[in-house]
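We name chains A, B, ... by the order of the sequence lines, and we start the count at 1 in each one.
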Amino acid sequence: MDKTFDAAAAESRLYKAWEEAGCFKAGANASRPETFSIMIPPPNVTGSLHMGHAFNNTLQDILIRWHRMRGFDTLWQPGQDHAGIATQMVVERELAKDKANATRREMGREAFLEKVWDWKGQSGGTIINQLKRLGASCDWSRNAFTMSGAPGAPAGEDGNFHDAVIKVFVDMYSKGLIYRGKRLVNWDPHFETAISDLEVENIETAGHMWHFKYPLAGGQTYEYIEKDEDGTVTLRETRDYISIATTRPETMLGDGAVAVHPSDERYAPIVGMLCEIPVGPKDHRRLIPIITDEYPDPTFGSGAVKITGAHDFNDYAVASRNNIPMYRLMNTSGHLRDDGYDYATCATRAQEIANGDSFGENEVDGMNLVPDHLRGLDRFEARKQVVAEITAEGLAVMTTAGDPRLGRAAAKAEDPDAPVPLVEAKPIMQPFGDRSKVVIEPMLTDQWFVDTDRIVGPALDAVRSGETQILPEQDQKVYFPWLENIEPWCISRQLWWGHQIPVWYGLDLSAPGFSDDEGDGELDMVELGRLLQDGGMVHAGEKAHCAASFEDVQPGFLDEIADIPTPLNHARIIEVADKHEAIATLARSLAEYEISQDPTQLVYPVWRDPDVLDTWFSSGLWPIGTLGWPEQTEALQKYFPTSVLVTGFDIIFFWVARMMMMQYAVVGERPFDTVYVHALVRDEKGKKMSKSLGNVLDPLELIDEYGADAVRFTLTSMAAMGRDLKLSTQRIAGYRNFGTKLWNAARFAEMNGVFAEPAPTAPPAASATVNRWIIGETARVRAEVDAALTAFRFNDAANALYAFTWGKVCDWYVEFAKPLLSGDDAVAQAETRRTMRWVLDQCFTLLHPIMPFITEELWDATGPRSKMLIHGDWPAYGPELIDEAADREMNWVISVIENTRSARAQMHVPAGLHVPMIVTQMDPAAKAAWEANATLIQRLARIESLSEAAAMPKGTITIPAEGATFGLPLADIIDIDAEKARLEKTLGKLAKELGGLRGRLNNPKFAESAPEEVVEETRANLAARESEEAQLKEALARLSEVG
RNA sequence: ACGGCGGUAGCUCAGUGGUAGAGCAUCUCGUUUACACCGAGUGGGUCGGGGGUUCGAAUCCCUCCCGCCGUACCA
């Protein structure tokens, strides 16, 4: 054997061997009926392994390997998700690298998707290979992908996921659990798609708050009165305006009202009046009502809030409650709209609405209230313009240049008394897209939603009842409130990469008011013309039908047109790109019919919803989708519900909660028995690792440097439940050393012929105390490891194994075994070889789930084996192997050695010097222990000989032990004063301890109320300490006599 | 602001009612039948502060202080 384990060379070789032998396959090494299954949290297909993945997958691999070795029918299901936004972003960026490439929009949907699949083909395997480097023992033959089987997927990308996703959508749609509606959503102007509020990061940004005057309509005035807490009037003036503050002046263009709190006396006189939005062409200044609502906080700002329902979530709620129109001001890229009618027309209509006309949602959405000269401007540019125009008009609230509210501007003011507009410098929380990093715009758009209220119940009940257990428990406190206050889940995304929503739209030809003049059920020219011009085609709504495919959706549309007059009711359903094309196609078809009079050529064009589903909608089906659902596969029967989900707390909302809801909604069962939620891996200072901070530790680099086992062991040993990991390379190096330590223990064993004979399959029968002792210690650690892993206490398992392997086996047992291995007692030698072999095998086995590579390598290097360690048999031996007498004896030996070493070191006895030892009194137990282990003690404590004496000679170092007092007569070497000091120090510590013990025992209440075994233990402890104290005092007295 | 978590040795953390532990780092010594990626030894803590419950509190309760993470934020 080499001196160290060559991780770099061995890891790929071993992994390949496992994989080629099919060791990871579902059910491999199964020897019992129970199943154990884990679904990997699917990493992004374009992603690469980061520390969080390394941690997450190490824990999963430990559970999987442990169960596989225990003979469970085990499945670790791997796969990736298609990561809609992220992947689309990556591919667009790749395309942009070469200016010659067409952009996404230029090449069109189909061509772009081909590029995405190409990219997936190229880079999709990256993360898989990285997981392999970590040692992840997933069943790769089952690798799943959330876009598998989608239309346009290239060969080799077949699979059930697309069908599963579409089926679920269709089912939920038909049950009414999915609906479409115009709602305010988070809109990413860069990607031009809706995003989830979970994908929005609120970041504090330096912002401004402007204060503007909204003049009352018709120049009306009122007495504006402010009072302090006592009701004393502090301000009274006549105003012809209401003061409004805003951080987003550009949205004023879309204001629908000004709201004040109903209790706000200051504004009571003007509630119900109209006021003017102080921006836009003078001729068409819009007037909006002053309303009351509970939302405005009278103590904040002016107490009056402008209501822009289409661009602010709070305002949206107010506008909804009060039937205030919500005017959308921006287009999908965050520029002010330049579609629709001119400003004057729209403003006129808006005024009618403000004056009380009824209005419809679609009509309002069609109105463009952006003044013509501002149309097309970027939203931030528009803000500047609006501010400038209002200020120029004198409608900004003014203050003096020295007003501290102005922030830095105030400090820099040359003339602090000069009048300036009140623009407060104010930190504001601004929403940013977590991918695009641009400011998110609340936007009123048509989107698809899951009616989560109706499917959330079982997901909550499951955790409440314990049907699914969330560990650590504190994470339930994250799960519950979120689900209890769940919002509708917006599942549509305006992207191309994803599962396209299986809904088709057709023109609504059953326009109300249309009549067939002759009542003959046939359309003539006049009627057709009317249908085209005035009928539903352009302005009326659309008819929507949902089905898994275009074929399946046709019957719905045929029903739809069955009632309209002949011959259109017999039109063929065809699919076109969008509504515009549908109108054109229908018009053309009708025109051709006019000439040909051939009804078989008539078509009714329908178009598919262009949006795709949120990636989390498909990954919400991960537990069943990966097992082949909707097919009732064998795997599904066997491995679902799954056993454990191991995941980071950051995706409890994103993923865990949604899987819970979806699995119950779709198959009516829990997706997993246990959810183990782990913390975040941080850098050694506790900072979140991020590229911008440059504190990212790359797991692959660490694996290169220290080996996968060391990285895995480090992560495991730090996996205390519910706490973040602060990772330092120093620690990883330490665990690399641990591997080397084990390696060298095996090397030592090899040198001593330990592996010459076949490996024992059962704990060897042993008569030597050391062997009996280490066998018992092994049984202890096995129980500890099993208990720890059962409770998901990964760190306890790792630390127990570390302490056992290094602290017990390598430090003591190997040393104790040396004399036996090299001694001339052939029987003892053989027994010790057998025992050491067995103990090392146990170390390899128990450590394998955490450190699979080095243990497999050692397993292979230490003799012929019937199977690889990955399929080794996990031990089940128990406390029957523990021999209390051997334990006591070896602990006594260890304490004598340690105490002797300690005394020697403190007294500066040269380390290499073998010294004589004297014993003055020894009880039978101590005597027996000494005699049985004299060689060991003498060797390890560097004792030349032991002789009995009636009393310690002058200048002796005293070493107390249980049942014996030892001494090292080293008068010529040691300093008497130093020995006195040493003894006194020890006595001091003892005295403190004794004080506590006596105090407790002397307290009658202690004996009364404490449990008996505690009292007993305390008494025994006191006796032992007292005897030690007596020994030391005697020694001290003797030294004092000497002087 | 609310919620969660945390404050224990120089550092990173275990320890959840029986009187404080580990690893790493420090310092000292050391090439002795594997291992310097090593061995032996040593120092180091009123367990964030205060109060309470208890025979006994790092541990349970109350309160305050500090840090981190979420969520919501006020136009």
Determine the interatomic distance between [atom1] on [N] and the same-named atom on [M]; round to the nearest Å.
{"N": "U26(B)", "M": "U46(B)", "atom1": "P", "answer": "23 Å"}
{"N": "U12(B)", "M": "A25(B)", "atom1": "P", "answer": "15 Å"}
{"N": "G44(B)", "M": "U28(B)", "atom1": "C1'", "answer": "15 Å"}
{"N": "G6(B)", "M": "C62(B)", "atom1": "P", "answer": "15 Å"}
{"N": "U31(B)", "M": "C24(B)", "atom1": "P", "answer": "22 Å"}
{"N": "A36(B)", "M": "G7(B)", "atom1": "P", "answer": "38 Å"}
{"N": "C64(B)", "M": "A1(B)", "atom1": "P", "answer": "12 Å"}
{"N": "U42(B)", "M": "G67(B)", "atom1": "C1'", "answer": "33 Å"}

Rounded to whole angstrom units, what separation is found between the [atom1] atom of [X] and the [atom2] atom of [N]?
{"X": "D796(A)", "N": "C13(B)", "atom1": "CG", "atom2": "C1'", "answer": "12 Å"}
{"X": "R904(A)", "N": "G39(B)", "atom1": "CZ", "atom2": "P", "answer": "19 Å"}
{"X": "E944(A)", "N": "U32(B)", "atom1": "CD", "atom2": "P", "answer": "17 Å"}
{"X": "Q430(A)", "N": "C73(B)", "atom1": "CD", "atom2": "P", "answer": "14 Å"}
{"X": "N744(A)", "N": "G39(B)", "atom1": "CG", "atom2": "C1'", "answer": "13 Å"}
{"X": "Q906(A)", "N": "A40(B)", "atom1": "CD", "atom2": "P", "answer": "16 Å"}
{"X": "R266(A)", "N": "A75(B)", "atom1": "CZ", "atom2": "P", "answer": "16 Å"}
{"X": "Y813(A)", "N": "C35(B)", "atom1": "OH", "atom2": "C1'", "answer": "18 Å"}

Nucleotide nearest [X] when distance is taken to its side chain, options [options]:
{"X": "K477(A)", "options": "C37(B), C5(B), U33(B)", "value": "C5(B)"}
{"X": "Y295(A)", "options": "C73(B), C74(B), G41(B)", "value": "C74(B)"}
{"X": "K818(A)", "options": "C29(B), U33(B), G41(B)", "value": "U33(B)"}
{"X": "M718(A)", "options": "G41(B), U12(B), C37(B)", "value": "U12(B)"}
{"X": "F649(A)", "options": "A72(B), C5(B), C69(B)", "value": "C69(B)"}

Remember a base hit wins even if backbone is also touched, and classify [X] as base, sugar-phosphate or nothing at under 4.0 Å, heavy atoms.
{"X": "E815(A)", "answer": "base"}
{"X": "P296(A)", "answer": "base"}
{"X": "D811(A)", "answer": "sugar-phosphate"}

(request) By nearest nucleotide on RNA chain B, pick out whichever of R942(A) and N799(A) is the more 5' one. (result) N799(A)
Salt bridge (charged side-chain N to carboxylate O under 4.0 Å, His left out) involving [X] - partner list, sequence neighbours excluded:
{"X": "E944(A)", "answer": "none"}
{"X": "E1017(A)", "answer": "none"}
{"X": "K213(A)", "answer": "none"}

Output a table of nitrogen or oxygen pairs between the protein and nucleotides 16-23 of chain B separated by less than 3.5 Å.
{"unit_1": "U19(B)", "atom_1": "O4", "unit_2": "R1000(A)", "atom_2": "NE", "d": "3.0"}

(message) Defining pairs by Watson-Crick or G-U wobble geometry with both distances under 3.5 Å, how would you list the stems of RNA chain B with at least three pairs each?
(response) B:1-7 with B:65-71, B:10-13 with B:21-24, B:27-30 with B:38-41, B:48-52 with B:60-64
(message) Which heavy atom of H208(A) sits nearest to which heavy atom of V423(A), and what is that distance?
(response) CB-CG1, 3.7 Å
Give a yes/no answer on whether the side chain of [X] brings an N or O atom under 4.0 Å of OP1 or OP2 in [N].
{"X": "K3(A)", "N": "C37(B)", "result": "no"}
{"X": "K741(A)", "N": "G39(B)", "result": "yes"}
{"X": "W806(A)", "N": "G39(B)", "result": "yes"}
{"X": "N202(A)", "N": "A72(B)", "result": "yes"}
{"X": "K985(A)", "N": "G43(B)", "result": "yes"}
{"X": "N314(A)", "N": "C74(B)", "result": "yes"}

Quick one: do the [X] and [Y] side chains pair a donor with an acceptor below 3.5 Å?
{"X": "N744(A)", "Y": "R747(A)", "answer": "yes"}
{"X": "E898(A)", "Y": "S902(A)", "answer": "no"}
{"X": "Q938(A)", "Y": "H914(A)", "answer": "no"}

(request) Output every pair passing ring-ring contact (aromatic ring centres under 6.0 Å, His included) with a member in residues 299-319 of chain A, not counting sequence neighbours, ordered by first then second residue. (result) none
(request) Check RNA chain B against residues 300-312 of chain A and give the residues with a non-hydrogen atom under 4.0 Å, in numerical order. (result) F300(A), V305(A)
(message) Does anything in residues 244-255 of chain A come within less than 4.0 Å of RNA chain B? Heavy atoms only, and list the residues if so.
(response) A245(A), T246(A), T247(A)
(message) Under the rule for side chain to side chain contact (heavy atoms under 4.5 Å, CB included), what residues qualify as partners of I203(A), not counting sequence neighbours?
(response) E201(A), F432(A)
(message) For R982(A), give me all partners under side-chain hydrogen bond (donor to acceptor under 3.5 Å, both in side chains), at least two apart in sequence or on another chain.
(response) E979(A)
(message) Between the base of U33(B) and the side chain of S822(A), is one N or O donor paired with an acceptor at under 3.5 angstrom?
(response) yes
Which pairs of donor and acceptor atoms, one on a side chain in residues 249-262 of chain A, lie under 3.5 Å apart (sequence neighbours left out)?
{"unit_1": "E250(A)", "atom_1": "OE1", "unit_2": "R383(A)", "atom_2": "NE", "d": "2.8"}
{"unit_1": "E250(A)", "atom_1": "OE2", "unit_2": "R248(A)", "atom_2": "NE", "d": "3.3"}
{"unit_1": "E250(A)", "atom_1": "OE2", "unit_2": "R248(A)", "atom_2": "NH2", "d": "3.3"}
{"unit_1": "E250(A)", "atom_1": "OE2", "unit_2": "R383(A)", "atom_2": "NH2", "d": "3.0"}
{"unit_1": "T251(A)", "atom_1": "OG1", "unit_2": "R248(A)", "atom_2": "O", "d": "2.8"}
{"unit_1": "T251(A)", "atom_1": "OG1", "unit_2": "K306(A)", "atom_2": "NZ", "d": "2.8"}
{"unit_1": "D255(A)", "atom_1": "OD1", "unit_2": "K306(A)", "atom_2": "NZ", "d": "2.8"}
{"unit_1": "D255(A)", "atom_1": "OD1", "unit_2": "T308(A)", "atom_2": "OG1", "d": "2.6"}
{"unit_1": "D255(A)", "atom_1": "OD2", "unit_2": "Y214(A)", "atom_2": "OH", "d": "2.6"}
{"unit_1": "H261(A)", "atom_1": "ND1", "unit_2": "S263(A)", "atom_2": "N", "d": "3.1"}
{"unit_1": "H261(A)", "atom_1": "ND1", "unit_2": "S263(A)", "atom_2": "OG", "d": "2.7"}
{"unit_1": "H261(A)", "atom_1": "NE2", "unit_2": "E294(A)", "atom_2": "OE1", "d": "3.2"}

(message) I want to check something: taking the side chain as every heavy atom from C-beta on, are M718(A) and T714(A) in contact at a cut-off of under 4.5 Å?
(response) yes
(request) Evaluate ring pair (Phe, Tyr, Trp, His ring centres under 6.0 Å) for Y735(A) paired with Y802(A), printing each intermediate quantity in order. (result) CA-CA 9 Å; Y735(A) 290 118; Y802(A) 185 96; 5.5 Å; yes
(message) Taking ring-ring contact (aromatic ring centres under 6.0 Å, His included) as the definition, give me every residue that meets it alongside F816(A), ordered by chain and number, with sequence neighbours left out.
(response) W773(A), W812(A)
